[in-house]
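Below is one structure, written out as structure tokens; comments come after it.
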Amino acid sequence: MVTTPALQLLISLKDVSKGYGQPSGQSISILEGINLELFEGEIVAVLGPSGSGKSTLMRMIAGLIAPTRGQVIYRNQPMLGLNPGVAVVFQSAALYPWLTVLENVELGLKAKGVTAALRRQKAIEIIDIIGLDGFENAYPKELSGGMRQRVGFARALAVEPELLCMDEPFSALDVLTAENLRTELIDLWIEHRIPTKAILIVTHGIEEAVTLADRMIVLGRNPGRIRAELKVTLPHYRDRKSPEFQTLVDEVYKIMTNPDLKVDGIQADRPTDMPTVPTSVPKYQSIPHVRAGSIAGLLELLEHRQDEDLYRIGQELQLEVNDLLPIVDAANLLGLIEIKEGDIHLNAIAIEFIQGGVDERKQIFRNLLLANVQLVEQIHHLLQTTPTRRIPEDLLLDILTRHFSPEEAQRQLDTAVSLGRYAEIFGYDEPTGELYDETADS
Amino acid sequence: MTRPLTPNNQLPDRIHWTWQDGVVILAMVALIFAIVDTAAQFTGTYNAKAVIATDPKVLPWYTAQTLLRMAIAYFLSLGFSILYAYVAYRWAIAAKILLPLLDILQSIPVLSFLPGVVLALVALFPGQLLGVELASIILMFTGMAWNLTFSFYQSLCSIPKELIEAATTYRLNAFQRFWTLELPAGVIGLVWNSVMSVAGGWFFLMAIESFTLGKESFQLPGLGSYLSKASNDGNLVAIGWGLVVLIGIIVVLDFLLWRPLIAWAEKFKLELVESENPPQSSVLDFLWRSPTLKLFTQQIWIPFTQTVDRTLTHPHRLADHSRRSATPHTPHPTPHTPIYWLNWVFASGFAFVVLWGTWEATLLLKVLNPEDWWQVINGAILTTLRVLLALTLSVFWTVPLGVAIGRNPCLSKLLQPVVQIAASVPATALFPVLLLYLVQWGGGLQVGSVVLMIMGTMWYVLFNVIAGAQSIPSELFEAATVYRLSRSQRWKTVILPGIFPYLVTGAVTATGGAWNASVVSEYINFQGKTLTTPGLGEVISQASAHNNYPLLLAATGVMSLIVVLTNRLIWRRLYKLAQDKYQLL
């Protein structure tokens with residue numbers, strides 16, 4: 001796609017942040033310092049691990065959520081409320097079960113006040129384009145997942161939006177259907193059969209992003225921010241096996257597997273005199289959501305494949321980046337592996353772990369957990385100092401909710417408990433919600 | 001990419017008009033005529049001396065009047081509950097007041113409203129039949145409205161977030177949002193609760209259509225008063241005929257009205273998977289295919305909805321929308337906006353009403369002396385014991401039977417409609433027959449009231465236990481067989497925990513029903529005599545019959561307090577336990 005210098009600017013985000021305040025006064029930030037511009041004629045993919053705020057970013061662009069700081073500019077004016085030029089396609093299609101396909105597609109047109117005859121005509125046209133001809137009076141429960149998502153597309157395209165926003169539109173579908181829909185989307189885009197001027201896709205699939213997008217925005221988490229922006233200049237109907245494709249995927253993997261990697265071009269653009277958001281409390285360590293078994297499994301798989309490309313391993317194991325990254329992060333956190341330029345290197349302790357029996361593994365894991373994971377160490381310390389050797393989980397949740405949202409706090413605690421139980425550092429009694437000391441010492 | 005229409009979409013349309021269509025048209029005409037004619041009878045002067053005939057020949061006419069009353073009361077309840085629940089859903093500050101209020105209203109027995117409502121309306125329409133008719137309709141309303149309201153509110157609160165976001169981003173205006181999203185989301189709950197509400201209406205029919213208030217006795221021609229009079233006279237033949245008509249009407253309503261509605265409501269299910277045994281109704285199928293309905297839909301209904309849509313939809317302009325808030329729920333409104341002040345007016349107005357009401361109530365209650373209070377407390381204890389006993393006995397026999405039916409698919413398919421209908425038949429109508437035998441055996445109303453309570457409530461428990469037994473996955477039973485669990489182990493580990501959530505739901509409904517039933521089962525007019533047994537229900541009935549308002553207020557207040565406390569302290573805990581520990585994965 002040739003980029004012309006005078007591309008129309010559709011939407012720009014200026015220093016947008018989103019956070020919300022806790023009753024304790026602490027504010028939890030989901031996104032910070034986002035500067036983004038969307039131009040006509042391009043497909044932009046927003047990539048990031050879970051918890052990086054990509055859905056929130058999309059919803060701010062669509063106008064469903066208002067930013068806490070900063071501005072969303074649409075047509076040179078600050079946007080208040082819903083963005084009139086945006087239509088959204090949801091992950092689960094979000095169709096109304098009691099309306100037929102035709103009625104669902106007409107929904108947006110009806111709200112705009114289009115007359116019945118014109119509405120029907122437009123809807124039938126778009127249903128035809130999207131490939132559901134003949135299913136106009138079917139109900140959603142009669143359709144397969146892929147067909148429902150097509151209806152979701154049809155509904156969005158019927159209102160002729162300038163920007164089409166999609167929130168992980170293909171992740172609820174099976175691989176073949178997703179592939180099919182992606183190709184059809186590109187068909188429609190290239191042939192200009194849809195009136196949309198730009199598309200924004202939120203996704204966690206790196207390959208999907210490289211297949212579809214002209215520009216990829218990689219988000220990081222803690223705090224949610226833009227880490228990198230990559231341009232994709234490959235011509236469409238991109239070949240997955242081509243070296244350029246693989247290089248791009250590799251690059252993104254490198255960025256995503258190494259959260260601390262500084263990416264050129266982005267950090268430099270930030271003005272140096274811009275104050276960083278002051279935090280009164282040092283950043284609290286966030287545990288990736290994994291089970292001990294997955295870490296052990298990864299290590300075993302890597303035993304004879306040191307210094308290998310992480311991307312290749314992921315491909316071979318058919319693991320999505322969303323599944324693989326947390327495990328890699330956790331292993332990194334525990335000091336079992338090191339990541340150099342996207343390649344994994346097993347440490348000596350990891351070799352010991354792999355070759356040991358169940359007891360040795362637990363011992364090693366226990367030591368690594370207590371040394372490296374702040375939350376587990378805290379719990380252990382609390383348990384040791386309490387006379388009854390039992391603490392209620394609410395106490396820990398109180399501490400955690402100062403740094404995380406309530407759901408994330410619960411997830412962090414669940415992960416810590418699962419890891420601590422495996423290592424036999426402490427146990428958990430579900431009915432009473434208490435953690436108790438398991439270490440055999442006095 | 002194109003495929004022919006799936007078979008589901010192609011109901012074979014009948015092009016020719018058959019005789020059944022003629023029946024449908026005639027039925028519609030006859031219905032309209034009957035309604036108008038019956039309603040005309042509701043006006044005119046009230047003849048206090050009119051005697052309810054017990055000749056079976058008057059039954060059709062009486063039944064028509066009863067049905068009309070119930071229909072009016074039902075539509076009133078439906079409208080009220082949709083409005084009330086919607087207001088509570090949209091405005092959080094209103095919800096803070098409306099929901100506890102609903103809780104309290106639900107706990108007040110229908111007959112406690114009786115004196116207040118009747119006197120108010122008789123005063124409004126002195127000497128007119130309309131006053132008494134309206135009173136009975138409103139009383140029926142108080143028995144029907146509350147569960148509909150709760151159900152609609154629950155449905156609104158469980159709408160999936162993405163459907164709401166879709167409505168927001170496609171810019172549906174308030175009316176469209178209501179009609180396309182919020183109302184359909186509530187349909188299934190409303191249909192099922194309507195069945196329950198109407199069954200509740202039948203339950204209190206006798207007490208609503210003929211009652212004594214002080215020195216006056218009010219009677220309206222209807223099926224309920226017919227049964228009352230017949231049982232008062234001890235006229236077994238008349239009672240028999242009345243029961244036949246009553247049960248017949250219930251069965252017919254079930255077939256012609258509830259079944260089609262339940263089958264139609266499947267369309268509104270939120271899960272996108274077709275259930276294995278979707279409810280069927282031959283009446284619904286018939287109506288879908290009939291040309292009459294098609295004609296009606298195309299010529300009348302669709303143009304009507306389109307006109308409504310057009311008048312209520314404004315073509316959207318860019319400037320307007322940029323200023324409109326994106327979220328449907330008003331967040332905490334900032335000061336100085338009109339909504340903020342409106343909230344304050346509403347809240348303070350309500351607070352004022354509550355304070356004034358409490359003040360008046362206290363004045364009223366001061367009239368009572370300790371003996372009265374002792375009567376109330378004593379009654380409360382006795383009735384509580386009776387309710388507990390009734391609940392225990394109901395559970396005792398419905399659980400084994402329910403599990404047996406639920407685990408046997410053929411049996412449940414056969415018996416479930418029967419149980420549904422049996423649950424609709426009001427136990428109050430069968431009371432007189434039962435009483436005869438009880439009186440003969442010398443049981444007295446002590447035993448009688450408990451039996452009557454059981455009869456009124458056991459169906460709820462049975463219903464729920466059957467559903468619960470059906471929902472236990474057969475794999476759990478297979479595991480029990482493979483690991484050779486003994487019978488008692490099987491009950492303890494698989495069956496009882498499996499049905500626990502449903503049992504709790506059934507028990508809650510049954511207890512509520514028992515409290516309501518206590519008012520009519522502890523004080524009965526039978527064969528010219530008044531049979532009573534000490535209890536809270538008896539106190540309420542007595543107080544109501546003798547115009548003793550302070551006592552009525554005290555007794556109602558105590559009953560309401562007990563029900564609300566039981567709700568908060570016991571049922572909520574059990575629900576939470578059911579959710580946390582006994583939820584099937």
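In what follows, every chain begins at residue 1, and chains take the letters A, B, ... in the order their sequences are listed.
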Greater than 12 external heavy atoms within 6.0 Å of [X]'s [atom1]:
X	atom1	value
B/K267	NZ	yes
A/Q77	CD	no
A/N76	CG	no
A/R182	CZ	yes

**Request:** Determine the option with the most heavy-atom pairs under 4.5 angstrom with chain A, choosing from B/T169, B/L163, B/T180.
**Result:**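 Most pairs with chain A among the choices: B/L163.
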**Asked** With side chains defined as the heavy atoms from C-beta onward, is the minimum distance between A/R59 and B/E165 less than 4.5 Å?
**Response**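 Yes - at least one pair of side-chain heavy atoms lies under 4.5 Å apart.
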**Item:** Rounded distance [0.5 Å steps], OH in A/Y139 versus NZ in B/K269
**Value:**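 Rounded to the nearest 0.5 Å, the OH-NZ separation comes out at 14.5 Å.
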**Message:** Quick check for you: to the nearest 0.5 Å, what is the distance between B/L181 atom CG and A/L107 atom CG?
**Reply:**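 Going from CG on B/L181 over to CG on A/L107, the span is 9.0 Å.
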**Message:** Give me the atom names and distance for the closest heavy-atom approach of B/Y170 to A/A111.
**Reply:**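 Shortest heavy-atom contact: O-CB, 3.2 Å.
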**Nearest heavy-atom neighbours spanning A/A94 and B/A166** =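 A/A94 and B/A166 have their closest heavy atoms at O-CB, 4.2 Å.
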Part of [X] lying under 4.5 Å from any heavy atom of chain B:
X	answer
A/N83	backbone
A/Q91	both
A/L109	neither
A/A156	both
A/V88	both

**Asked** Would you find a donor on one side and an acceptor on the other, under 3.5 Å apart, between the side chain of A/W98 and the backbone of B/A265?
**Response**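 Flag not set: sc A/W98 to bb B/A265 has no pair under 3.5 Å.
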